[in-house]
Amino acid sequence: MMMTGDEHFLEETIIEILSKLPVKSLLRFRCICKSWCALFNKHNFISKHLNNDHNTRLIVHYMEKFDGPDESSYPLFLCSLFPDETLTNLSLQDLDNPVRGELVGPYNGIFCIFGNNNRITLWNRATKESRVLPKCTTVFPKYTSIFCKCTGFGLDPMSTDYKLVLIFTLWNEKLDLLYEFSHVAVYSLSTNSWRYCDCFKSNHYYMDGAFDSVYLDGVCYWLSEFRDNDHKVILSFHLGNEVFEEIQEPYIPESTPTILGIYNHSLCLLLSHNIENYYDIWVMKYKCWIKQLSLGPLNGVRTPLGFWKKGAFFVHSTNEQLLLYDPNTQEMRDLGRKSFHFSVHIYRESLIRVKQEDNLLDFDIPWHLLGVYQTDASLP
């Protein structure tokens, strides 16, 4: 039986209302009727819920000096969530990781935890579900360590499958230089298995694992740079055909891309001019870069950190404050935190199902070697 216009309008209105509710409420509503339970598992609804501005929160990684018992001090690494999506209430919540390990992400609401015993765990904080991934059979040559690791996660629109992407830049300890090619592993959530893709030349690009990937419409993006001239470049990985492509930055003399993000559902870059405290926001439209805004001078800014909503972005000030700058109102807000180091991450509650019976297989790659060789970006 076909729906009438009024019935269709009512259904669309209900979906619109449901897409703005927190995950906790939607999980309770699954038992109301079968159609709602099925709706919450559909990729279109999951994406609609993810991309709702009301579902956007800030996660901040920062350091505080902790005084030891012998009057010495050492940095304490902290990771906290701002529960208020408007950032009016600046109270923080600690992230209660289900397992110990290095917390990476979130990507579409999913965290990746590189934990003890060489395991990788996917964790959905909103649904409280987690999954230990099966063994990755990547075999590295002898005398090899991991120079850098980059991560991406998102929906493959061709197969409607969620995929985790790991890019390993490897170091030859015997020859004391980088291996020529990176290794790429792709995990499929639906098949619970790994596969391996063609690699790009790792001695051509420098990829900093400290930067998050950006996901948009089936593609993961990383801000990288050429090793031979330090010019920035964007590497993209299409989750459907699993192919890497190179996207050139908008070349502006005496400027440097510093932040890669999303602006009005388009890929965007924040360019920092060598003239102190002047910035441009560039947006990718129809495979062309278009300058959206010019900003500045923004006095007292040490470095930009990441995009927020509607073109706003976070900055680290010269007096170690975490600030939010809104180019629409030209307002600079103090978020009430001071540290000598910040990194910011966008968190959205997600309905993506990751739950599965625990897989007790260990991950082969020696994560304890991560970070040993990351201090020098000028290596060949």
>> Within the structure provided, determine whether Phe153 and Cys112 are in side-chain contact (heavy-atom separation under 4.5 Å).
In response: no
> Closest heavy-atom contact between Gly300 and Asn277?
Replying inline: N-ND2, 4.2 Å
> Is Asn108 reaching over with its side chain to a backbone N or O of Ile110, donor-acceptor style, under 3.5 angstrom?
Replying inline: no
> Is the backbone N or O of Pro134 less than 3.5 Å from a side-chain atom of Trp194, with the two atoms forming a donor-acceptor pair by type?
Replying inline: yes
>> Hydrophobic cluster membership, with links at side-chain heavy-atom distances under 4.5 Å among I/L/V/M/F/W/Y: are Val23 and Ile32 in one?
In response: yes
>> Whether the side chain of His316 engages the backbone of Ser339 through a donor-acceptor N/O pair (distance < 3.5 Å, no angle test) should be reported.
In response: yes
>> Check whether His183 reaches the backbone of Leu166 with its side chain - one donor and one acceptor, N or O, closer than 3.5 Å.
In response: no
> Minimum heavy-atom separation for Thr88 to Asp84, with atom names?
Replying inline: N-OD2, 3.1 Å
> How many angstroms lie between atom CG of Leu58 and atom CG of Leu335, to the nearest 0.5 angstrom?
Replying inline: 7.0 Å
> Do the rings of His61 and His345 sit parallel, tilted or perpendicular, given the 30° and 60° boundaries?
Replying inline: perpendicular
>> Ignoring hydrogens, what is the shortest heavy-atom contact between Met63 and Phe340? Give both atom names and the distance.
In response: SD-CE1, 3.4 Å
> Between Asn55 and Arg348, is there a donor-acceptor pair closer than 3.5 Å when you use the side chain of the first and the backbone of the second?
Replying inline: no
> Hey, is CD on Glu320 packed in by over 12 heavy atoms from elsewhere, all under 6.0 Å?
Replying inline: yes
> Closest approach of Pro304 and Thr258, non-hydrogen atoms and distance?
Replying inline: CG-OG1, 3.9 Å
>> Between Leu305 and Val315, is there a side-chain heavy-atom distance shorter than 4.5 Å?
In response: no
>> Tell me whether Asp334 contacts the main-chain N or O of Leu323 through its side chain, where contact means a donor paired with an acceptor under 3.5 Å.
In response: no
> Is the backbone of Gln321 close enough, under 3.5 Å, to the side chain of Lys338 for a donor and an acceptor to pair up by distance?
Replying inline: no
>> According to a hydrophobic-cluster definition based on side-chain heavy atoms being under 4.5 Å apart (Ile, Leu, Val, Met, Phe, Trp, Tyr only), do Trp282 and Leu295 belong together?
In response: no
> Is the CG atom of Asn44 crowded by more than 12 outside heavy atoms at less than 6.0 Å?
Replying inline: no
> Hey, is the main chain of Val354 close enough, under 3.5 Å, to the side chain of Arg131 for a donor-acceptor pair?
Replying inline: yes
> Would Asn51 and His265 count as having a side-chain donor-acceptor pair, cut-off 3.5 Å?
Replying inline: no
> Trp289 versus Leu271: any side-chain heavy-atom pair under 4.5 Å?
Replying inline: no
> Just how far is it from atom OG of Ser272 to atom OH of Tyr279, taken to the nearest 0.5 Å?
Replying inline: 4.5 Å
> Side-chain donor-acceptor pair under 3.5 Å between Ser130 and Lys355, yes or no?
Replying inline: no
> Does NZ in Lys310 sit with more than 12 non-hydrogen atoms of other residues, nucleotides or ligands closer than 6.0 Å?
Replying inline: no
> Should Lys48 and Glu16 count as side-chain neighbours, where that means a heavy-atom distance under 4.5 Å?
Replying inline: yes
> Below 4.5 Å, heavy atoms only, C-beta onward: do Leu269 and Ile234 meet side chain to side chain?
Replying inline: yes
>> Testing the basics here: between Gly109 and Leu50, what is the closest heavy-atom pair and its distance to 0.1 Å?
In response: N-CD2, 4.5 Å
>> Tell me whether Glu85 is salt-bridged to Lys309, with the criterion being a basic N under 4.0 Å from an acidic carboxylate O.
In response: yes
> Taking the six-membered ring for Trp, are Trp36 and Phe29 parallel (under 30°), tilted (30 to 60°) or perpendicular (over 60°)?
Replying inline: tilted
>> As an exercise, state the distance from NZ of Lys285 to OG of Ser266, rounded to the nearest 0.5 Å.
In response: 3.0 Å
> Is a salt bridge present between Glu102 and Lys149, judged by a nitrogen-to-oxygen distance below 4.0 Å?
Replying inline: yes
> Are Ile113 and Ile120 side-chain neighbours, meaning at least one heavy-atom pair lies under 4.5 Å?
Replying inline: no
> Taking only residues two or more places apart in sequence, or in another chain, which ones meet Lys42 in a salt bridge (charged side-chain N to carboxylate O under 4.0 Å, His left out)?
Replying inline: none
>> Would Thr121 and Leu133 count as a side-chain contact (heavy atoms from CB on, under 4.5 Å) here? Give the steps.
In response: CA-CA 6 Å; Thr121 302; Leu133 304 192; over 6 Å; no
>> Please check this pair: side chain of Glu246 against backbone of Leu235, looking for a donor-acceptor N/O pair closer than 3.5 Å.
In response: no
>> If you take the centroid of each ring, where Trp contributes its six-membered ring, are Tyr162 and His43 closer together than 6.0 Å?
In response: yes
>> Tell me every residue that passes salt bridge (charged side-chain N to carboxylate O under 4.0 Å, His left out) with Arg353, counting only those two or more places apart in sequence or in another chain.
In response: Glu129
> Are Tyr215 and Leu164 connected in a single hydrophobic cluster, I mean Ile/Leu/Val/Met/Phe/Trp/Tyr linked by side-chain heavy atoms less than 4.5 Å apart?
Replying inline: yes
>> Measuring only between side-chain heavy atoms, which start at C-beta, is Leu298 closer than 4.5 Å to Tyr325?
In response: yes
> Just by distance, do the side chain of Arg57 and the backbone of Pro83 share a donor-acceptor pair under 3.5 Å?
Replying inline: yes
> Looking only at heavy atoms, what is the nearest atom pair of Arg28 and Cys31, with distance?
Replying inline: O-SG, 3.1 Å
>> Measuring from atom CD of Glu349 to atom NZ of Lys24, what distance do you get when rounded to the nearest 0.5 angstrom?
In response: 10.0 Å
>> Is there a side-chain contact (heavy atoms from CB on, under 4.5 Å) between Leu293 and Tyr263? Walk through the geometry before answering.
In response: CA-CA 11 Å; Leu293 291 171; Tyr263 184 96; 4.2 Å; yes
>> I'd like to know whether the aromatic ring centres of Phe45 and Phe40 sit less than 6.0 Å apart in this structure.
In response: yes
>> Test of understanding: clusters of I, L, V, M, F, W, Y form through side-chain heavy atoms closer than 4.5 Å, transitively. Do Phe307 and Tyr107 belong to the same one?
In response: no
>> Taking the ring of Phe314 and the ring of Trp308, is the distance between their centroids below 6.0 Å?
In response: yes
>> With rounding to the nearest 0.5 angstrom, report the OG to OH distance, Ser343 to Tyr62.
In response: 11.5 Å
>> Within the supplied structure, the quantity of interest is the number of heavy atoms (other residues, nucleotides, ligands) at a distance under 6.0 Å from Gln330 CD; does it exceed 12?
In response: no
> Going hydrophobic residue to hydrophobic residue with side-chain gaps under 4.5 angstrom, can you get from Leu39 over to Ile46?
Replying inline: yes
> Do Phe111 and Asn124 have side chains that get closer than 4.5 Å, going by heavy atoms?
Replying inline: no
> Under the side-chain contact (heavy atoms from CB on, under 4.5 Å) criterion, do Val233 and Leu223 qualify, and how do the steps go?
Replying inline: CA-CA 6 Å; Val233 63; Leu223 184 60; over 6 Å; no
>> One pair to check against side-chain contact (heavy atoms from CB on, under 4.5 Å): Asp280 and Leu270. What are the steps and the verdict?
In response: CA-CA 6 Å; Asp280 292 331; Leu270 181 73; over 6 Å; no
>> Ignoring hydrogens and geometry beyond distance, is a side-chain donor-acceptor pair present between Ser91 and Asn89 at under 3.5 Å?
In response: yes
